[in-house]
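In what follows, every chain begins at residue 1, and chains take the letters A, B, ... in the order their sequences are listed.
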Amino acid sequence: MSYIIKGQTGDWEVVIGLEVHAQVTTKAKLFSGAPTDFGAGPNTQVSFIDAGMPGMLPVLNAFAVEQAVKTGLGLKAKINRRSVFARKNYFYADLPQGYQISQYDQPIVGEGTIILDMPEGSRNIGIERLHLEQDAGKLVHDMHATKSFVDLNRAGVALMEIVSKPDLRSPEEAGAYLRKLRAILRYLGTCDGNMEEGSMRCDANVSVRPVGSTELRTRCEIKNVNSVRFVMMAIDHEAKRHVEVYESGGAIQQETRLYDSARNETRSMRSKEMAHDYRYFPDPDLLPVELDEAFVADLEKNLPELPDDKKARFQKAYGLTAYDADVLVSEKENALYFEDVAKGRDPKQAANWVISNLFGVLNKQGVGILESPVSAKNLGRLIDLIADSTISGRQAKEAFEAMVESGKDTDTIIAEKGLKQITDTGPIEAAIDQIMAANADKVEQYRSGKEQLMGWFVGQVMKATQGKANPALCGDLLKKKLAQ
Amino acid sequence: MSPTFSIDTATVRRIATLARIEVTDAELSTWAEQLSGIMGWIEQLKEVNTDGVAPMSGGTDLKLTLRPDVVTDGDMVDQVLANATEAQDGFFTVPKMVE
């Protein structure tokens, strides 16, 4: 048990469940033909259905159903062959229908599992359910002194609400869960996982209990935290708040709280009156969703390789360590890049270049692999040139830095910088002869036993060849000549 | 017959609030009585034996109609905002609401 809160009355552990709203990757909305692109002008992506106009009827987007089922399969979850859309009733300015079409007691996907690789070992986190629902519109509060502005572009966009079981026991596990879920969604292509643009949002249910206890105490729900780091900070803060309340003799009220990242604290949302009486009932505009076995089987057969499987394959096929494999599979694009570089080359060397050199550069520049200044083809070529002794490891590093700087291809950089390693014995021997002739005293000292002078000779040869002599070859030739 | 399931005035007030319907105190008892009457009719339905019959989610044997994932709608701000009372810069506007 890694995360323990030391209280005055004893040790406490935290119990966390996460609800993730993931925007389903579709062109059109869940129940209308309006587009879903991010960043369009206000209310330009709104149909009469999304605007809640009287008499408009929702028609379910078939691809959204497919995406939800695919996600369920990726989470190794039970696919419910029959599910039902229900109305969740509440009034809010971003919800023109006066209800959200969601799923209640019969969601499209049931229980599943996400496996986390934690430093202490792997942990299986249960998925409670996944259901489809509509997103609400967006409210803008800072455009007018007395009015809020309403943009319905997002209203009706398809969301998957993915609910975990209360299996998470630390902020770190919550962070790992979110990163793993995001990776799975991105591998599947069912959600782009972009937390900044709001296409993945997270609510955290947090409670605490004394270590050793199995009770579930009253939880608080922290709403809409928009980065993995903030989710972790919000949980840590909230758990400590609960311990303080209990230890000072108070009680926790079940409520919704907002996380304020600027102050690193949560505070009570002065909640919408009776907001939790949603009066769900089956939506009479929509019939139950019935999936036939062949449809599900076909999606399952065509599922892409997911992070866990890819990691296992990387370890087995390429002989990578668990850590390196984990780093490489965390993003689908990184894994693809690595495999391009590794193809037909030494995989460990490829992994080393990608992880130690390339990722270092990308992190520093704050860009992803798709914006990498060095393509997989060019990095591969660089490794080839080391393998066939055209350049030394040191020259490769120099070339790599220049490639990062200029974006030019490997061969151009090698030519421009004259980085070819001298592997012909001729020029190296000539240099050695010259140096030996000019330093007869040192040759004498070496021959009479001062063998540490070898380093000095190698240095001189490298200097004479502008660093281009193959160091190993240089050493061999020197040894031979000095011994004569 | 007398209703076996009665709705009191407090429940009527709560339902009215949730539905944003203004009901005066004078109206409460009338609504309570009428709603209790309706519930009484529903109670009668319980007399029908429905053992082994799955609850119905739709009124027909039709299958759900699906749409392909194709953009066919939107791009009509003016029409969408046509009935809005105080539209501004392409937005609907409402009295300021901040948590």
Using non-hydrogen atoms and a 4.5 Å limit, figure out which bit of [X] sits close to chain B: side chain, backbone, both or neither.
| X | value |
| --- | --- |
| A:T146 | backbone |
| A:F31 | backbone |
| A:A145 | backbone |

[X] side chain vs [Y] backbone, donor-acceptor pair below 3.5 Å:
| X | Y | value |
| --- | --- | --- |
| A:S148 | B:M97 | yes |
| B:D69 | A:K27 | yes |
| B:R67 | A:L60 | no |

Any [X] side-chain heavy atom under 4.5 Å of [Y] side chain:
| X | Y | answer |
| --- | --- | --- |
| B:F91 | A:D151 | yes |
| A:V150 | B:V94 | yes |
| B:Q88 | A:M143 | no |
| B:L64 | A:E290 | no |
| A:D277 | B:L18 | yes |
| B:L81 | A:N43 | yes |

Using 0.5 Å steps for rounding, measure from the CD atom of B:E86 to the CZ atom of A:F149. 9.5 Å
Among B:K96, B:M76, B:Q79, which has the most heavy-atom pairs under 4.5 Å with chain A? B:K96
Closest non-hydrogen atom pair between B:D73 and A:S47, with its separation: OD2-CB, 3.2 Å
